[in-house]
Amino acid sequence: MERVIIRFAGDSGDGMQLTGDRFTSETAQLGNDISTLPNFPAEIRAPAGTLPGVSSFQVHFAEYDILTPGDKPDVLVAMNPAALKANIDDLEPGATIIVNTDEFTPRNLKKVGYAANPLEDGSLGSYHVHGAALASMTIDALAVHEVSKKDAERAKNMFALGLLSWMYSRPYESTLRFLERKFAKRPDLVTANIAAFKAGWNFGETTESFSVRYEVAPAPLPAGTYRNITGNAALALGLVAASVQSELPLFLGAYPITPASDILHALSRHKDLGVVTMQAEDEIAAVGAAVGAAYGGALGVTTTSGPGVALKGETISLALMLELPLVIVDVQRAGPSTGLPTKTEQADLHMALFGRHGEAPVAVIAPRSPADCFDAAIEACRIALTHRTPVILLSDNYVANGSEPWRLPEVADLPDLRVAFATEPNGPDGTFLPYLRDPVTLARPWAVPGTPGLEHRIGGLEKADKTGAISYDPANHDHMVRTRAARIEAIRVPDVEVADPGAAARVLVLGWGSTYGPIGAACRRLRQGGHAVAQAHLRHLAPLPGNLGDVLRRYDKVVVPEMNLGQLSTVIRARYLVDTVPYHQVRGLPFTAAELETALLEVVADV
């Protein structure tokens, strides 16, 4: 097969995220291109067997370059009736469904509103349905092992993983090693889970229900060393790389919040590289500590999601007034308020651009994919260190928890981020002028506290030009406000690139952040159908690329798909006086390529 989309779905206690992650890791070893979409409930433990408690993991793997986790699964593994009901509408006729028949009891069917057993009433006639008593077979397979019945039944996800690994010819040695590490303190669970996995594999090999095995050839990826990586993991490694390349200690001040907490967890493992992590008592303390670290000469970072950015706003303004480097990572989730904390959205753009008191512009960038989070983190640190400004990095839940192959970069190819601290007075009379600016970057000197002769005033009150003394002069305030804005506009960012094969398109699709994959897949389908369409994608949202206005004016229509109600469209219209065709959805899920293809086709046909 050229490609396959598999979705594992079950109760939030069935281990679907672990199962999907292990299948993805097995697939990565074969060299397939991969894109994943974890989807789990917000509750720590939603009621068992209910629709709100369904957790799923979708993996799309192929022998060619892919851009999304796929629109509709080819295979659904449903561990209970709730998982079947929650996902059945996403399947095309002819899809394969593997169900755990042990869970299709009258009580569980009634719990999700099934009047009759869908495995028996003919309602699944358009699908290839394979019923398997996964729980019972797992318990039988582990009968000779010294584990409780409860622990044996919990291993049914490994049985399912073994079956799917057999069906799609996945290597499994790494999964066995993983189980040995995961349950190292419980040797009985090591042997039990390995036995369950092998039982699933053997079931596939011996049963007549699955008479065909499938293979997906490796994708022709550029040569190099690859690993499967999530966005949060890539972002953490990017921050570490920036710390090493800048020769500055990395300090992370963070308060746990979904879906950003994994960055804190990942960075806490790199103390050997000079990384210091602090789990603060709240969001305000976290960003305050990061600003203090920056004042002391470190690479200050704070990570959070939308609610945390709202709380950090005053301190971000303080960092702006102090003109210190600070990186704020916002892993966006669906809001407002607590909203849908485990679902994705792009609705923090306006908050990142404008969500502070006074005229307080900061730089804003957004990664486009999980692997791109590494480069985006380095770029955020470059801008912060070079221009002495806060930088907001806008990731989102889709990018943060999704995964794809990442080619490890050569260290020699990473940018040199070293900074020159102020070491001596810079004034004409031997004094230190803390707000004397670099003529190119407009950045002020960065003086580490305690450096002899470089004493200067610090705080949030307005600074006098050059001297940094407290100033209430109206003309000075006007000058400093304009200078701080000019400092952001002085940031050098690459021109936006346009994919317009044949240069015949009259419609441009403009995206930012995680919409890159669905937009790219939709444009690819349109071109294969003979329709000319151009695509451009923004990584830098403040400042915007210098050539963006010229690019926008070359096209008759500019379509802007966003997972919000039109925030980038509003910015584009105000900045360039170019009308846009907004396409929005805020369902907590990423766009599918099919829905974008349909929407874009209407615009292309109308031009």
Side-chain angles (χ1 to χ4, degrees), residues 1-5 33-35 37 58 60-74 90-94 219-220 344 346 366 368-369 372 398-399 402 404 495-539 545 547-548 550-564 566 568-569 572-573 576 578-587 589-607:
M1 303 183 73
E2 292 183 347
R3 66 166 188 88
V4 179
I5 304 169
D33 198 11
I34 306 167
S35 182
L37 177 62
Q58 183 163 305
H60 181 193
F61 56 104
E63 64 177 20
Y64 55 85
D65 173 51
I66 56 176
L67 298 171
T68 74
D71 292 353
K72 295 182 178 295
D74 303 304
D90 292 339
L91 303 182
E92 294 279 14
T344 196
Q346 288 182 300
R368 69 186 191 183
S369 69
D372 189 48
Y398 173 35
V399 164
E404 65 179 348
D495 284 346
V496 63
E497 298 181 357
V498 182
D500 186 2
R506 298 171 63 189
V507 173
L508 171 70
V509 189
L510 180 68
W512 69 276
S514 64
T515 58
Y516 174 80
I519 290 174
C523 289
R524 182 184 290 176
R525 294 182 183 185
L526 286 171
R527 293 177 189 132
Q528 291 172 347
H531 303 283
V533 62
Q535 179 188 3
H537 203 77
L538 297 176
R539 166 183 277 180
N547 69 330
L548 181 58
D550 293 335
V551 167
L552 296 173
R553 295 183 186 99
R554 290 207 304 260
Y555 295 91
D556 296 335
K557 295 284 187 181
V558 178
V559 184
V560 185
E562 297 182 81
M563 292 185 290
N564 57 48
L568 179 61
S569 288
I572 295 299
R573 287 167 170 168
Y576 301 104
V578 171
D579 196 14
T580 61
V581 181
Y583 183 76
H584 313 140
Q585 61 103 325
V586 281
R587 297 179 295 137
L589 294 170
F591 288 110
T592 66
E595 67 181 309
L596 283 181
E597 179 187 12
T598 300
L600 295 176
L601 189 57
E602 293 179 3
V603 178
V604 170
D606 192 46
V607 173

Is Asp579 salt-bridged to Lys557, going by a charged N under 4.0 Å from an acidic O? no

Assess whether salt bridge (charged side-chain N to carboxylate O under 4.0 Å, His left out) is satisfied between Arg524 and Asp65, documenting all intermediate values. CA-CA 11 Å; Arg524 182 184 290 176; Asp65 173 51; 3.1 Å; yes

Could you pull out all residues at least two apart from Arg554 that satisfy side-chain hydrogen bond (donor to acceptor under 3.5 Å, both in side chains)? none

Answer whether the closest heavy-atom distance between the side chains of Val498 and Leu508 falls below 4.5 Å. yes

Contacts of Arg527 that satisfy salt bridge (charged side-chain N to carboxylate O under 4.0 Å, His left out) - sequence neighbours left out: none

Taking salt bridge (charged side-chain N to carboxylate O under 4.0 Å, His left out) as the definition, give me every residue that meets it alongside Asp33, ordered by chain and number, with sequence neighbours left out. none

Tell me, do Val581 and Val558 make a side-chain contact under 4.5 Å, heavy atoms counted? no

Contact check, side chains of Leu538 and Leu568, non-hydrogen atoms, under 4.5 Å: yes

Using atom types as modelled and distance alone, determine if a side-chain donor or acceptor of His537 lies under 3.5 Å from a backbone N or O of Leu510. no

Are any side-chain N or O atoms of Asp90 and backbone N or O atoms of Lys72, one a donor and one an acceptor, separated by less than 3.5 Å? no

Measure the spacing between OG of Ser514 and CE of Met563 and express it to the nearest 0.5 Å. 3.5 Å

Ser35 versus Pro69, closest heavy-atom pair with distance: OG-N, 3.2 Å

Specify the closest pair of heavy atoms between Val507 and Val559, including all atoms of both residues, with the distance to one decimal. CG1-CG2, 4.0 Å

Shortest non-hydrogen contact from Leu589 toward Thr344: C-CG2, 3.8 Å

With side chains defined as the heavy atoms from C-beta onward, is the minimum distance between Gln346 and Asn564 less than 4.5 Å? yes

Is there a donor-acceptor pair under 3.5 Å between the side chain of His60 and the backbone N or O of Thr68? yes

Verdict with reasoning, Arg573 to Thr580, per side chain to side chain donor-acceptor pair (under 3.5 Å): CA-CA 7 Å; Arg573 287 167 170 168; Thr580 61; 3.2 Å; yes

Contacts of type salt bridge (charged side-chain N to carboxylate O under 4.0 Å, His left out), residue Glu595, not counting sequence neighbours: Arg587

Which of Tyr398, Tyr583, Tyr516 passes ring-ring contact (aromatic ring centres under 6.0 Å, His included) with Phe591? Answer is Tyr583

What's the spacing between Gln585 CD and Thr592 OG1 if we round to 0.5 Å? 8.0 Å

Listed by chain and number, what are the side-chain hydrogen bond (donor to acceptor under 3.5 Å, both in side chains) partners of Gln535, not counting sequence neighbours? none

Sole residue of Asp550, Asn547, Val551 in side-chain contact (heavy atoms from CB on, under 4.5 Å) with Asp495: Asn547

Between the side chain of Glu562 and the main-chain N/O of Ser569, is any donor-acceptor distance below 3.5 Å? yes

Considering all heavy atoms of both residues, which atom of Pro501 and which atom of Ala499 are nearest to each other, and what is their separation? CD-C, 3.7 Å

4.5 Å side-chain heavy-atom contact, Val509 and Tyr555: no

Euclidean distance, Phe61 CZ relative to Ile34 CD1, rounded to 0.5 Å: 9.0 Å

Smallest separation among heavy atoms of Ala505 and Asp500, with atom names: CB-OD1, 3.3 Å

Run the numbers on Arg3 and Asp71 for salt bridge (charged side-chain N to carboxylate O under 4.0 Å, His left out), then give the verdict. CA-CA 12 Å; Arg3 66 166 188 88; Asp71 292 353; over 6 Å; no

pair Val399-Ser369: side-chain heavy atoms closer than 4.5 Å: no

Less than 4.5 Å apart, side chain to side chain, heavy atoms only: is that true for Pro518 and Leu67? no

Nearest heavy-atom contact between Ala219 and Ala62 is CB-O, 3.9 Å

List the atom pairs, donor and acceptor, that lie under 3.5 Å between side-chain atoms in residues 596-607 and the rest of the protein, sequence neighbours left out.
residue : atom : partner : partner atom : Å
Thr598  : OG1  : Ala594  : O            : 3.1

